[in-house]
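Quick caveat: nothing in here was measured; it's all calculated off a predicted structure. Lettering of chains follows the sequences in order, A, B, ..., and the numbering in each one begins at 1.
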There are 2 protein chains.
Amino acid sequence: MTSSSRRRGEIPLLLAMIYRAMNDEIHDRLAAEGREPLRPAHGYTFRLLLARDDVTTVALADHLGITKQAASKIAAELETWDYLERRPHPTDGRARVLALTAKGLAYVRHADELWGQAEDRWAAVIGPDRLDQIHADMRAYVDASGGRAALRPVW
Amino acid sequence: MTSSSRRRGEIPLLLAMIYRAMNDEIHDRLAAEGREPLRPAHGYTFRLLLARDDVTTVALADHLGITKQAASKIAAELETWDYLERRPHPTDGRARVLALTAKGLAYVRHADELWGQAEDRWAAVIGPDRLDQIHADMRAYVDASGGRAALRPVW
DNA sequence: CAATGTAGTCAATCAGATTGACCATTATAG
DNA sequence: CTATAATGGTCAATCTGATTGACTACATTG
């Protein structure tokens, strides 16, 4: 059966390998579409903005684990490419709220479809039931790690 | 059971989250031990040298996906910290073979133990049998991706 | 309303990487 | 055998994404 041959400590490496393989695949396809030179940080920014609608530059910086100056630059790039806009904050005059534009939203949807296809390819190999199981087991780990596991950049 | 609630495209994100969470944990612990400022590239270098004993600077560069100049610098750092040594190549007078020193090997062993502990923590949540299953399913994906999946840096 | 804290910007600098030029050695073609 | 091309590695200059530090404008606390 499955067991015996599992070397201790191999699991994390496999996680990295699979994520990296899927990531490469998606990146290649996005690059082939001739888009702006989006870097990982931009992708993580999209995903944060999708999850929350009250994101300021400082919040973005915190999420990405970089300084606010660097985060500001990321946001500025995305703004010039029309992926996001900086709107005045409703209550705080100092702050600005970062929000995806229609183009930005379309981009995330498109990327999500590609991620979905990568996932499908795994499902094709092991079957959807196993993938459901894996999904549940991964969720269990994330839930058990008490907030330590969040979708933050893997640099 | 497990299924129904799985949103398509969520799996890759969970992979990233878990890898990142485990990585953070290990990094924190290694950093707390007051070592040289080792970066991800150094870790991937260790792992390559552990797997092969004929690694040249160019091979390292190729593996890391960086230029040979950058790879040379990485190797030079590791050499000054006594983690690896550059030996003359047995047959090619131009080349040098990179190899782990005893200190380098000890470091990898230590890091592997920490990875093993992270893995154990997951096993504690879902049980070792499930982890065996996941291991097999991940292996299946890697094998099916025809060499595309290799342990290369996830930046 | 004074004092302190926070969001964001501008400017200078740093670190890790890249490009380009080069040398020494090896492999290939006449 | 050479003559030529290709390869491993280094040195130097440059680029880029980030950091630190100083500052302004607004907010919060007392």
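Across dG17(D), dA24(C), dT19(C), the shortest atom-to-atom separation from the side chain of Thr67(B) is found for dT19(C). Relative to the side chain of Ala95(A), the nucleotides dG8(C), dT18(C), dT19(D) differ in distance, and dG8(C) lies closest.
Annotation: of the two residues near DNA chain D, Gly93(A) and Ser72(B), the 5′-most nearest-nucleotide partner is Ser72(B).
Rounding to whole angstrom units, CZ of residue Arg86(A) and P of dA7(C) are separated by 15 Å. For Gln69(B) and dT7(D), the CD to C1' distance is 13 Å, given to the nearest whole Å. For the pair Ile66(A) CD1 and dT19(D) C1', the interatomic distance rounds to 11 Å; values are reported in whole Å. In this structure, the NZ atom of Lys73(A) is 22 Å from the P atom of dA7(C), given to the nearest Å. Rounded to whole Å, atom P of dG5(C) lies 17 Å from atom CG of Asp92(A). The CG atom of Leu98(A) sits 13 Å away from the P atom of dA7(C) (whole-angstrom rounding). Rounded to whole angstrom, the span from the NZ atom of Lys68(B) across to the P atom of dT19(C) amounts to 12 Å. dA17(C) atom C1' lies 18 Å from atom OH of Tyr44(B), rounded to whole Å.
Here Arg8(A) does not pair with Glu119(B) in a salt bridge; the nearest charged N to carboxylate O distance is not below 4.0 Å.
Of the possible donor and acceptor atoms, one in the side chain of Trp122(B) sits under 3.5 Å from a partner among the backbone N and O of Asp137(A). For Thr101(A) (side chain) and Tyr83(A) (main-chain N/O), a donor-acceptor pair under 3.5 Å exists by modelled atom type.
Listed pair Arg39(B) / dA17(C) meets the phosphate criterion, a side-chain N or O lying under 4.0 Å from OP1 or OP2. Remark: Arg96(A) is not in phosphate contact with dC26(D), judged by side-chain N or O atoms under 4.0 Å from OP1 or OP2.
Arg94(B) contributes no side-chain N or O that forms a donor-acceptor pair with the base of dT26(C) under 3.5 Å.
Hydrophobic clustering (side-chain heavy atoms under 4.5 Å, transitive across Ile, Leu, Val, Met, Phe, Trp, Tyr) keeps Phe46(B) apart from Val97(B).
Glu79(B) pairs in a salt bridge (charged side-chain N to carboxylate O under 4.0 Å, His left out) with only one of the listed residues (Arg87(B), Lys103(B), Arg86(B)), which is Arg86(B).
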